Q: 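If you scroll down you'll find the structure; I have some questions about it.
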Amino acid sequence: MLKNSNGANEIFLSPYNPEKTEGKIYKIWEESGFFNPDKSVEEKLISKNSPTFTLIMPPTNANGSLHAGHGLVMTIEDIMVRYKRMQGFKTLWLPGLDHAGFETQVVYEKKLEKEGRTRFEIEPKKLYAEILDFTLNNSKNIESQIRKMGASCDWSREKFTLDNDIVKTVYKTFKKLSDDKLVYRKNRIVSWCTKHQTSFSDLEIKDEERIDSFYYLKYGPFTIATARPETKFGDKYVVMHPDDKRYSEYKDGQKIKLEWINGPIEATIVKDYAVDMEFGTGIMTITPWHDNADFEIAERHNLDKEQIIDEQGKLLPIAGEFAGQNIKKARLLIVEKLKNKGLIEKVDENYKHVVKTCYKCGTVIEPQIKSQWFIKMKPLAEKASQKIETDEIKYTPEHYKKITLHWLENIMDWNISRQIVWGIPIPAKICGKCGHGMVDIENEISKCNKCGGEVAQDTDTFDTWFSSGQWPFATLGFPDSLDFKTFYPTDVMETAGEIIFFWVARMIMLGIYITGEIPFKMVYLHGLVLDVKGLKMSKSKGNVIDPMVLTEKFGTDALRMALVVGNTPGTSLALSEEKIRAYKHFSNKLWNITRFILSRENKGDIDHNLKNELDQLTKDITLDMENYRFYLAAEKLYHYIWHTFADKIIEESKKDEHTGATLYYILQTTLKLLHPFMPFITEEIWSHLPQDEKKLLMVTKWPTEM
RNA sequence: GCGCGAUUAGCUCAGUGGUAGAGCGCUUUCUUGACGUGAAAGAGGCCGCAGGCUCAAUCCCUGCAUCGCGCACCA
């Protein structure tokens with residue numbers, strides 16, 4: 001029997017102070033070695049063959065600092081991991097840092113800008129070294145913040161997205177894709193940001209609704225409509241629907257002479273089903289170099305393509321007198337000229353349409369034709385869809401399943417070339433003569449295998465998501481390592497709903513493609529953490545809440561509870577200080593409960609009814625945990641501890657001296673149940689309880705009902 | 001345009017085919033030895049609108065409205 005004749009421990013005489021506890025406790029945990037599953041095997045807490053539970057942490061941006069969303073990630077994942085660890089699973093939570101290619105480069109460019117420098121005048125190798133330095137210097141910061149959140153991840157297995165073994169895996173994947181003819185280099189239209197001087201995948205483009213002028217222009221016998229007159233200089237094809245009776249007198253391939261912006265031209269009639277007869281005049285001219293749909297039409301009919309706008313967004317010599325001008329400024333001047341030439345029929349000033357913009361800087365995307373590496377996604381997507389349809393990979397919340405399947409069905413080829421230095425260099429050679437691209441992992445190609453011309457190293461880097469899309473198997477050391485064999489496929493991928501396509505879908509596709517197995521069995525998606533008014537946090541709005549400030553003010557346990565209670569998966573959460581304060585009070589309540597109980601003697605029998613009631617709670621909580629309903633489990637615990645244990649059971653116990661054993665039993669059990677949610681205070685209290693066996697709460701067995 | 005969510009107390013949100021729940025806020029009382037970061041009591045809701053299935057609907061079905069999000073877009 002447990003005994004405590006010394007009365008309350010002195011530490012409980014003052015209110016709970018998270019500051020005095022958290023750092024100390026984390027250190028004890030970390031030094032215990034139990035974040036590493038191998039330690040539990042070594043200490044015989046579990047066996048070598050115990051079932052595994054694996055969670056790979058979404059790699060956090062190494063140069064950033066923890067924001068509220070990360071706080072949520074660390075909380076939810078730590079809850080899952082601590083729960084499974086206590087249940088005796090061989091539990092691995094593998095942390096990682098992300099070089100975050102484009103994101104970091106943009107941050108660094110801003111820094112350069114402040115110093116009056118620009119990346120375009122720094123030699124690429126030097127720039128890379130500078131950013132690497134910058135990133136590594138900052139990475140200690142994020143690691144310590146992850147620790148502050150109480151994350152019980154295995155730091156000994158930490159990975160960085162630029163680690164040699166990761167890069168090696170990524171190269172092997174690229175090679176395999178190339179061997180399987182799933183990767184190709186081709187001149188294709190890409191989304192180009194004139195500010196950042198790089199192309200993007202379709203996911204990195206944001207649609208923005210705008211109201212612009214819509215110009216109806218005379219084009220020989222036709223009227224065409226456009227919102228972008230500045231692109232029209234080279235338009236020499238006029239396209240109409242083959243079934244459009246209004247234009248049936250014109251034949252495909254027919255030439256007509258007409259007066260255009262900079263003088264007379266000869267235009268060719270093209271008939272294509274892509275034209276919408278209902279829209280505008282049902283007739284259009286095309287600019288294949290700078291428009292997706294036009295590019296497709298030109299490809300179908302094998303038409304000439306001509307560049308009108310350069311990479312900086314300036315007009316090329318084809319624009320005649322407007323050459324060298326920025327398109328934004330040139331538009332009005334061009335319209336003026338068109339007006340003077342009598343080529344404008346009418347202008348709709350209220351034209352509502354969608355403009356594609358850079359998700360980072362909002363600059364209007366200028367599509368350009370460029371030679372880049374693309375991945376053929378259809379075959380990969382089909383296999384992924386199948387695994388999702390059959391629920392081999394499940395989604396929480398479920399409706400993300402449909403969203404993902406819909407996206408996979410309509411998937412486009414993925415442009416993985418980025419014109420930035422901060423990333424994994426694409427292992428390929430480009431022929432200087434014919435432009436042919438060759439995958440070259442071993443750096444052994446010196447002549448073009450097509451034309452024999454001189455080759456040069458591709459200067460582009462991979463889209464960050466191409467490498468992070470391989471994260472689950474790359475971090476575990478595919479294909480030969482023991483970790484890979486032990487921990488793959490992983491159990492849960494917990495991440496933000498926002499990056500379901502960017503990251504989750506691609507991990508599924510690449511994971512299946514490379515390993516033949518799904519990378520994880522469950523996708524758990526959390527929503528956004530919003531400010532108290534329900535607005536998205538942003539630096540420009542100045543409403544960013546720093547989780548580190550909150551942990552200092554209220555304690556990490558309180559913050560964790562505030563982040564998890566009432567936060568159903570997939571929906572966003574408005575975070576208020578009031579809510580966190582409520583759980584700070586709860587910490588203190590638990591502290592005082594302990595103080596009272598320690599003043600009692602641990603004797604008597606355990607009350608059967610109370611034990612049954614607690615068993616029922618244990619059952620409920622366990623079921624909630626199994627079903628990822630952490631928001632419910634946390635709330636039930638809060639309610640039981642405060643309003644049943646403290647308000648009723650403890651109050652009643654004051655009338656009866658022989659209830660000590662029951663109180664100790666309930667306290668111990670609730671500490672175990674609460675540990676995944678509030679790890680610091682529960683571990684601290686646990687360490688002060690008189691017990692026969694001194695073991696960390698963290699590796700104490702999860703209660704089962706009896 | 002297509003799809004997906006949401007709509008419940010003043011606020012933020014849970015939840016259930018059968019008398020509506022939590023936190024915060026609000027009102028009143030309490031200097032009782034664990035805790036005022038507390039205790040006790042209380043006010044506050046046609047569970048968006050209209051139909052349908054059902055003995056019974058806040059919950060299931062249909063439609064509508066409003067808000068949010070995603071996807072696709074026509075020059």
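If you're wondering where the values come from, they're calculated on a predicted model, not measured in any experiment. Letters A, B, ... are given to chains in the order of the sequence lines, protein chains preceding strands, and every chain is numbered from 1.
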Q: Identify, with sequence neighbours excluded, every residue that meets side-chain contact (heavy atoms from CB on, under 4.5 Å) alongside A:Glu209.
A: A:Lys352, A:Val354
Q: Are more than 12 heavy atoms from other residues, nucleotides or ligands located less than 6.0 Å from atom NZ of A:Lys341?
A: yes
Q: Summarise protein proximity over nucleotides 70-75 of chain B in one line of letters, 5' to 3': B for base, S for sugar-phosphate only, - for none, counting protein heavy atoms closer than 4.0 Å.
A: SSSBBB
Q: Taking only residues two or more places apart in sequence, or in another chain, which ones meet A:Trp591 in a ring pair (Phe, Tyr, Trp, His ring centres under 6.0 Å)?
A: A:Phe12, A:Tyr16
Q: Using a 4.0 Å heavy-atom cut-off across all strands, classify A:Leu573 as base, sugar-phosphate, or nothing.
A: nothing
Q: Under 3.5 Å, sequence neighbours excluded: what are the donor-acceptor pairs made by side chains of residues 631-644 of chain A?
A:
from, atom 1, to, atom 2, distance (Å)
A:Lys636, NZ, A:Asp624, OD2, 2.7
A:His643, ND1, A:Asp647, OD2, 2.9

Q: What residues, two or more places apart in sequence or in another chain, satisfy side-chain contact (heavy atoms from CB on, under 4.5 Å) together with A:Ile265?
A: A:Tyr219, A:Leu258, A:Trp260
Q: Can you list the stems that RNA chain B is part of, where a stem is at least 3 pairs in a row, each Watson-Crick or G-U, with both distances below 3.5 Å?
A: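 So far as stems of 3 or more pairs are concerned, RNA chain B shows B:1-7 with B:65-71, B:10-13 with B:21-24, B:26-30 with B:38-42, B:48-52 with B:60-64.
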Q: To the nearest Å, give me how far apart NZ (A:Lys584) and C1' (B:rU37) are.
A: 7 Å
Q: According to ring pair (Phe, Tyr, Trp, His ring centres under 6.0 Å), who are the partners of A:Tyr395, at least two apart in sequence or on a separate chain?
A: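 Checked A:Tyr395 against ring pair (Phe, Tyr, Trp, His ring centres under 6.0 Å); zero matches.
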Q: What residues form a ring pair (Phe, Tyr, Trp, His ring centres under 6.0 Å) with A:Phe502, not counting sequence neighbours?
A: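 Ring pair (Phe, Tyr, Trp, His ring centres under 6.0 Å) list for A:Phe502, sorted by chain: A:Trp465.
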Q: Who pairs with A:Glu626 by side-chain contact (heavy atoms from CB on, under 4.5 Å), at least two apart in sequence or on another chain?
A: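 For A:Glu626 the side-chain contact (heavy atoms from CB on, under 4.5 Å) partners, ignoring immediate neighbours, are A:Tyr83, A:Lys84, A:Gln87.
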Q: Could you go through residues 558-572 of chain A and list every donor-acceptor pair under 3.5 Å that involves a side-chain atom there, pairing it with any protein atom two or more places apart or in another chain?
A:
from, atom 1, to, atom 2, distance (Å)
A:Arg560, NE, A:Phe677, O, 3.0
A:Arg560, NH1, A:Asp78, OD2, 2.9
A:Arg560, NH1, A:Met149, O, 2.8
A:Arg560, NH2, A:Asp78, OD2, 2.9
A:Arg560, NH2, A:Pro676, O, 2.7
A:Asn567, ND2, A:Leu563, O, 3.1
A:Thr568, OG1, A:Thr571, OG1, 2.8
A:Thr571, OG1, A:Thr568, O, 2.9

Q: I'd like to check the side-chain contact (heavy atoms from CB on, under 4.5 Å) partners of A:Leu623; sequence neighbours left out, ordered by chain and number.
A: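 Once residues adjacent in sequence are excluded, the partners of A:Leu623 under the side-chain contact (heavy atoms from CB on, under 4.5 Å) criterion are A:Asn627, A:Arg629.
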Q: Starting at the 5' end of nucleotides 23-34 of chain B, put B wherever the base has a protein heavy atom under 4.0 Å, S where only the sugar-phosphate does, and a dash everywhere else.
A: SS---------B
Q: With a non-hydrogen cut-off below 4.0 angstrom, is A:Thr571 in contact with a base, only sugar-phosphate, or nothing?
A: sugar-phosphate
Q: Closer than 4.0 Å, any side-chain N/O of A:Thr568 to the OP1 or OP2 of B:rA14?
A: yes
Q: NA contact type, A:Tyr400, heavy-atom cut-off 4.0 Å: base, sugar-phosphate, or nothing?
A: nothing
